[in-house]
Amino acid sequence: MGSLTRAAGEGPAAAAEEEGWSDEAVIYVNGVRRVLPDGLAHLTLLQYLRDIGLRGTKLGCGEGGCGACTVMVSCYDQTAKRSQHFAINACLAPLYSVEGMHIITVEGIGDRQRGLHPVQECLAKAHGSQCGFCTPGFVMSMYSLLRSSKQPPTEDQIEDCLAGNLCRCTGYRPIIDAFRVFAKTDNLAYTNSSSGHTNGQVICPSTGKPCSCRNETDVSVNEASLLSSVERYSPCSYNEIDGSAYNERELIFPPELQLRKAMPLKLNGFNQIRWYRPLKLTQLLHLKSCYPDAKLIIGNSEVGVETKFKNAQYKVMISVTHVPELNTLKVKEDGIHIGSAVRLAQLQKFLKKVTEEHDLPETSSCQAIIRQLKWFAGTQIRNVASVGGNICTASPISDLNPLWMAVGAKFQILDVNSNVRTTLAKDFFLGYRKVDLKPDEILLSVTLPWTRPFEYVKEFKQAHRREDDIALVNAGMRVCLSEAEGKWIISDVSIVYGGVAAVPLSASRTESFLHGKKWDSGLLDDTYNLLKEDIPLSENAPGGMIEFRRSLTLSFFFKFFLSVTHEMNTKGLLEDGLDADHLSAVQPYSRPVSVGTQSYELVRQGTSVGQPMVHMSAMLQVTGEAEYTDDTPTPPNTLHAALVLSKKAHARILSIDDSLAKSSPGFAGLFLSKDIPGANHTGPVIHDEEVFASDIVTCVGQIIGIIVADTHDNAKNAANKVHIEYSELPAILSIEEAIKNGSFHPNTKKCLVKGDVEQCFLSGACDRFISGEVQVGGQEHFYMEPQCTLAWPVDSGNEIHMVSSTQAPQKHQKYVANVLGLPLSKVVCKTKRIGGGFGGKETRSAIFAAAASVPSYCLRRPVKLVLDRDVDMISTGQRHSFLGKYKVGFTNDGKILALDLEIYNNGGHSLDLSLAVLERAMFHSENVYDIANIRVSGQVCFTNFPSNTAFRGFGGPQALLIAENWIHHIATELQRSPEEIRELNFHDNGVVLHYGQLLQNCTISSVWDELKASCNFVEARKAVNSFNSNNRWRKRGIAMIPTKFGISFTSKFMNQAGALVQVYTDGTVLVTHGGVEMGQGLHTKVAQVAASSFNIPLNSVFISETSTDKVPNASPTAASASSDLYGAAVLDACEQIKARMEPIASRGAHNSFAELAQACYMERVDLSAHGFYATPIVGFDWTAGKGTPFNYFTYGAAFAEVEIDTLTGDFYTRTADIVMDLGFSINPAIDIGQIEGAFIQGLGWAAMEELKWGDKNHKWIRPGHLFTCGPGSYKIPSVNDIPLNFKVSLLKGVPNPKAIHSSKAVGEPPFFLGASVLFAIKDAIFAARAEEGHLDWFPLDNPVTPERIRMACVDSITKKFASVDYRPKLSV
């Protein structure tokens, strides 16, 4: 880090301003006083916390987009004489910005030794933590809400406070349920009293309604333990200083900070950074005169991202948070005066108070801003981001700037000589990120004028995701009407759009036209035509989606017109009101709280198997004590690594200039292909990928070299200084281009045949034929924990050990041994747990371990490599995009007779696992449908993108989506419901599948029938039809989707597992196996198997870590098969030990397992065993095209109901109902968590998460570059995207004879069911298109983002910009 002092030779002005400034920075962290040394201005609060050993606060993204770094900050308000408690993103907070404050991290509220805080305890017991990486952030968001609330919060407030936190594992439902116990609701449902049952039915604590989440037939289930997780909590006390206290151990606000007088601060940082915190306006103006280019900082939400990801450097930063004149909020006659440093959360709260105290006509603009702020970023950002910061950043997609302009806000600007000038908001924005501020000026305040009678202000915003997302297009609109001769005339109007130009854009010609016009529908067409002229967007404008964004500009005005008309009509001021079916266009979105129900039976086997046990690491995860790779204490002398990556999609490397890097601070070495001791070529199947590119780069993000330095930041800075000259070569940037150019990976052409497709097509048996193409979009894994490896030499490099975040430690061992030229026996990889993987850490993580091992081996020093989120997303590959071309023959009754299918997947620049992904897709290409004649061919495309890889489902979901598209196409052709076509063609037992496997134990009909009854499909269809007939601009849709997923690795040799079980003399058991715990509960399930086998409690079994020196040659933790494989291997080991113990046990003189173990030890009985399991029967012969690739199938089905806004493409999921056949579940709570998490991840893939690459469809992106490389641009589902009614049921009474304890695999099978939302959306779009007379089938690609929904809902607005069959562009 280093401490920096003032450089010699500074001018007198700089020296003078330092007088009276302090360099003593005091904070409290978890009740402990800490004096921050000078020289740390370059650090964030997160970096500092982790440096002092508080590793519970995680680095997930570094840009405030995921919430993993959430902490609570408390400060004392001297004016209000009370403390303020609020959540912030520690990854963005500059360290010195929290001077004088109390920071509470997850470690500060509870741990295993002191006891858990109720927030932590509730989350753990409610199964709200899976991988656990995001868990501390959720805990601290909830804790902050409770500390800041006088009264228990509402359920709405709880969901809102979590909007800035992302989770990739749980699907959010158990998190919401866990925290709901702190809300204002009826206590009775949560107490173990007679009121907990109604007519013999159990009352669900989530909903207060009867449910079967605790099945009454299992009378032995421990009722008290199940209820303990939903005990009601209320604070012991509340006071103005410390907020709500939930237990007597709550950390108080430090009295020193309450009494301490704030001082102006002058501090320094690395690379000559200066940090100032003035307390007076005069001090600020003096600093501004000395440093005109200084950056003014409040929340740092913009500057923090610029410095971390865009390499921006600001030498002087001035924190203006403590300047009173910039923090004013006053109500005056001319409007509301808002200081530029006022936080958005403060503004939101203040405006709500104003609207309560003033009549509606005056506060129309206030209400518009309140509504817009609700969807502005997450709670943590709103708590620190300021009004002035948002204005002066001048982002083209700012949600507030169009509103300031539309309402006629005035900005007060102050210069260093204290002269004030006023400018209108509409004149303030000069160009891209340029405003009307001179270097010697600051924004002092904003005046928000009152609105007049009959003046209406309305805000608009459309984003990919409703919560915490930047706008695609937004707008602020205002109109003032006056009565003249019985007509309402437009006397003043303002229409301003954001997201359509470099600055917020006023529709000036449209405004001039509207002035003086009568307010009626006759003005719409002319207004639309003028808006088209006012808001031009060129074909390759940044952001793309031109047709959609232009459509939104008109849709927003139409909504504004309807809204004002409706408000005038409700006052009886207009003769012609809105038609009843048009009201849906003006109804504001209001989301009720979500409700979840879970139904399953408990089939107990032994002491533990079959019970809904809490995840074994849950208590560690909720307290932040669970260690991940980046939390591992680093050995002395550790170096930090950063990658040197290709910036070209396909090019020859001409030269590499490292001269600037070598002179960079902390630099310790640059390693290139020439420095590799062993082999440079590697790969999981074939060695077609270089660890360090030597001559030619074949994608952006390919590793060229690795730099090591003393800190992570120094390594990054040095890597950025490596200059590489290229000679560019032609690049293949899509599946379409690959097919056109014959660009395929060698030996990847495959074909599966059943029956005779051609003969069937020609025979006349088929009454009809359809054909089409399906594009299937990719998906980013977005595991919460980035890729990370720590490698170190042992015995001076004779051995290499590493700790890695990986699903496949054996792959890391193999890659590192290969690149260093060492035998496998000298390389050890350990993995404690990983913060999510989903396939992204199966093979792609290994190349980073190999890269990090090179400098570690060569320098004989430990090396740590942690990828920043953008680097992770750019370089690690994603779910494969696919292209499917189908032809189907079928009868008029809907019976499918023949399917001819070609599928192509985008493999990227190396093969990786792409062929296996293609093969699984081919196996799943018919879903659950019995088709006599099938021909499926496939090939892996070589493209100049990072190598795509495994992702939950492994090609299965892509093939299933293609299948459900042609099912939908058939249904449209026959004018029947898709559900009818599905039912008519279901598989049954005894069918031979198109790859030769005999289908046994098929339960799809049972699953389907139970789901149909559960969702009451017939009534749901009637209700949707009724709603659609009464609403023109909002439509609902429903869909039922089945799935069948094959369980086993499709490569036979991988279906094996080993385990080591050791019994100790105190009766405890240590289990080690080859599987990795990544949140899926594998260790918990395996421990349950061991506990039941030995007939001991679960807490007597422990699983520490996965290590290649304990269990060798392990297959990756993948393919959903790990519980089957490792559970069976552990059971085998347990049975061996039990057989050895049997002679001693038969003597019958032992009161406990511990006594038995001790007795066996005394008799010299071996209490350690290696277990092994190999899946029987499985295998496939690609030469013959026949075999049995799967041990069994997991079946499921889902019903979804959605509602869409046809004018904007917005949607939400009203209901999701899921039924899965999981046999006899080993742990139903964990399995339901997997189902919910997979469904929400699948919903993201189907409807939200769009990857945008630089290709011919996205020419505004540099060729081969990934635009969506962080949570700011790539949107996974948030807590507000889950279904309002989320129901999961496990099929009862269906044991699976093919797996351990009659269970079934669960990780991947439910993922595809998220596509039920896509097809429900398509159903709703069909209703919208029917309004315009368009009844034909239409393609709808995934993800069905607002763009695709809006442009498919053809109407008079979309027709102005696109044809009826317009298909938005997709990177595939």
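Side chains are part of it too, since the values below use all heavy atoms of this structure and drop only hydrogens, waters and symmetry mates.
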Any idea how Phe951 and His781 line up, ring-wise: parallel (<30°), tilted (30 to 60°), or perpendicular (>60°)?
-> parallel

Evaluate the ring planes of Phe1180 and Tyr995, with Trp represented by its six-membered ring, and classify them as parallel (under 30°), tilted (30 to 60°) or perpendicular (over 60°).
-> perpendicular

Is any side-chain heavy atom of Phe923 less than 4.5 Å from a side-chain heavy atom of Val936?
-> no

Given salt bridge (Lys or Arg N to Asp or Glu O under 4.0 Å), test Lys1322 with Glu964 step by step and report yes or no.
-> CA-CA 12 Å; Lys1322 191 166 189 177; Glu964 293 305 327; over 6 Å; no

Are any non-hydrogen side-chain atoms of Ile724 and Val644 less than 4.5 angstrom apart?
-> yes

Among Leu915, Asp912, Leu911, whose side chain to side chain contact (heavy atoms under 4.5 Å, CB included) with Ile686 holds?
-> Leu911

Whether over 12 other heavy atoms sit under 6.0 Å from Arg1262 CZ | no

Inspect the surroundings of CG in Asp695 and state if more than 12 heavy atoms from other residues, nucleotides or ligands are less than 6.0 Å away.
-> yes

Can you establish whether the number of heavy atoms outside Lys647 located under 6.0 Å from its atom NZ is more than 12?
-> no

Evaluate ring-ring contact (aromatic ring centres under 6.0 Å, His included) for Phe782 paired with Trp1245, printing each intermediate quantity in order.
-> CA-CA 12 Å; Phe782 212 97; Trp1245 169 66; over 10 Å; no

Can a donor-acceptor pair be found between the side chains of Thr1050 and Glu919 at a distance below 3.5 Å?
-> no

So, do Val776 and Val774 sit near enough that their side-chain heavy atoms are less than 4.5 Å apart?
-> yes

Check whether any side-chain heavy atom of Asp1341 sits under 4.5 Å from a side-chain heavy atom of Arg1367, and report yes or no.
-> yes

Kindly indicate, with the supporting measurements, whether the criterion side chain to side chain contact (heavy atoms under 4.5 Å, CB included) is fulfilled by Ile732 and Phe945.
-> CA-CA 8 Å; Ile732 303 289; Phe945 289 122; over 6 Å; no

Rounded distance (nearest 0.5 Å) linking atom CG of Leu645 with atom CD of Gln702 | 9.5 Å

Ile967/Arg982 under side chain to side chain contact (heavy atoms under 4.5 Å, CB included): CA gap, chis, key distance, verdict | CA-CA 7 Å; Ile967 286 285; Arg982 292 179 179 116; 3.8 Å; yes

Any donor-acceptor N/O pair, Arg1348 side chain to Asn1342 backbone, under 3.5 Å | no

Interatomic distance, Lys885 atom NZ to Ile962 atom CD1 [nearest 0.5 angstrom] | 12.0 Å

Are the side chain of Thr1108 and the backbone N or O of Pro809 linked by a donor-acceptor pair below 3.5 Å?
-> no

Say whether, by atom type as modelled, one donor and one acceptor occur between the side chain of Asn905 and the main chain of Phe882 under 3.5 angstrom.
-> no

Set of residues satisfying side-chain hydrogen bond (donor to acceptor under 3.5 Å, both in side chains) with respect to Ser845, sequence neighbours excluded = Thr806, His812

Which distance, rounded to the nearest 0.5 Å, do you find between the CZ of Phe761 and the CG of Asp900?
-> 5.0 Å

Show your working on side chain to side chain contact (heavy atoms under 4.5 Å, CB included) between Leu1125 and Ser1115 and close with a plain yes or no.
-> CA-CA 10 Å; Leu1125 292 170; Ser1115 294; 5.6 Å; no

Heavy atoms only: give me the nearest Thr943-Ser734 pair and the separation to one decimal.
-> CG2-O, 3.8 Å

Examine the side chains of Thr831 and Ser804 and answer whether a donor and an acceptor come within less than 3.5 Å of each other.
-> no

Heavy-atom nearest pair, Tyr1274 first then Gln779, reads OH-CG, 3.4 Å

Flag for Tyr783-Asp872: side-chain donor and acceptor within less than 3.5 Å = yes

Between the side chains of Lys811 and Thr843, is a donor N or O closer than 3.5 angstrom to an acceptor N or O?
-> no

Inter-residue atom distance Phe954.CZ - Arg879.CZ, 0.5 Å rounding = 11.0 Å

Salt bridge between Lys754 and Glu926, side-chain N to carboxylate O under 4.0 Å?
-> no

Let me see the working for Gln939 and Thr748 under side chain to side chain contact (heavy atoms under 4.5 Å, CB included), right down to the final yes or no.
-> CA-CA 5 Å; Gln939 203 159 2; Thr748 60; 3.6 Å; yes

Rounded to the nearest 0.5 Å, what separation is found between the CG atom of Leu899 and the CZ atom of Arg935?
-> 10.0 Å

Is the closest side-chain heavy-atom distance between Leu993 and Leu999 below 4.5 Å?
-> yes

Output yes when a side-chain donor or acceptor of Asp688 lies under 3.5 Å from a complementary backbone atom of Ser910, and no otherwise.
-> no

More than 12 heavy atoms of other residues, nucleotides or ligands under 6.0 Å from NZ of Lys1186: is that the case?
-> yes

Donor-acceptor pairs under 3.5 angstrom involving side-chain atoms of residues 1116-1123: please list them, not counting sequence neighbours.
| from | atom 1 | to | atom 2 | distance (Å) |
| --- | --- | --- | --- | --- |
| Thr1117 | OG1 | Val1076 | N | 2.7 |
| Ser1120 | OG | Glu1308 | N | 2.9 |
| Ser1120 | OG | Glu1308 | OE1 | 2.7 |

What's the spacing between Asn680 CG and Lys674 NZ if we round to 0.5 Å?
-> 12.5 Å

Can you name the nearest heavy-atom pair linking Gly1307 to Pro1310, along with the distance?
-> O-CD, 3.9 Å

Going by heavy atoms in the side chains, are Val697 and Ile653 under 4.5 Å from each other?
-> yes

Has the side chain of Gln813 got a donor or acceptor atom that lies under 3.5 Å from a matching backbone atom of Val827?
-> yes

Side chain His745, main chain Gly908, donor-acceptor under 3.5 Å = yes

Are side-chain heavy atoms of Glu773 and Pro1339 found at a separation under 4.5 Å?
-> no

Would Glu737 and Lys1256 pass as an ion pair if we require N to O under 4.0 Å?
-> no

Of all heavy-atom pairs between Ser914 and Asn948, which one has the smallest distance, and what is that distance?
-> OG-O, 3.7 Å

Cut-off 3.5 Å, side chains only: do Ser1371 and His1258 have a donor facing an acceptor?
-> yes

Donor-acceptor contact present, side-chain Lys887 to main-chain Phe769, <3.5 Å | no

Measure from the side-chain N and O atoms of Thr1268 to the backbone N and O of Leu1251, and report whether any donor-acceptor pair falls under 3.5 Å.
-> no

Member of Tyr929, Phe1193, Phe1311, Phe1045 meeting the ring-ring contact (aromatic ring centres under 6.0 Å, His included) criterion with His924 | Phe1045

List the atom of Ala817, the atom of Leu824, and the distance in Å for their closest heavy-atom pair.
-> CB-CD2, 3.8 Å

Identify the two heavy atoms, one from Phe848 and one from Ser875, that lie closest to each other, and give their separation to 0.1 Å.
-> CZ-OG, 3.7 Å

Can you label the angle between the Tyr886 ring and the His969 ring as parallel, tilted or perpendicular, going by 30° and 60°?
-> perpendicular

State plainly whether the residues Glu780 and Arg869 are in salt-bridge range, i.e. N to O under 4.0 Å.
-> no

Does the side chain of Met802 reach to within under 4.5 Å of the side chain of Ser853, using non-hydrogen atoms?
-> no

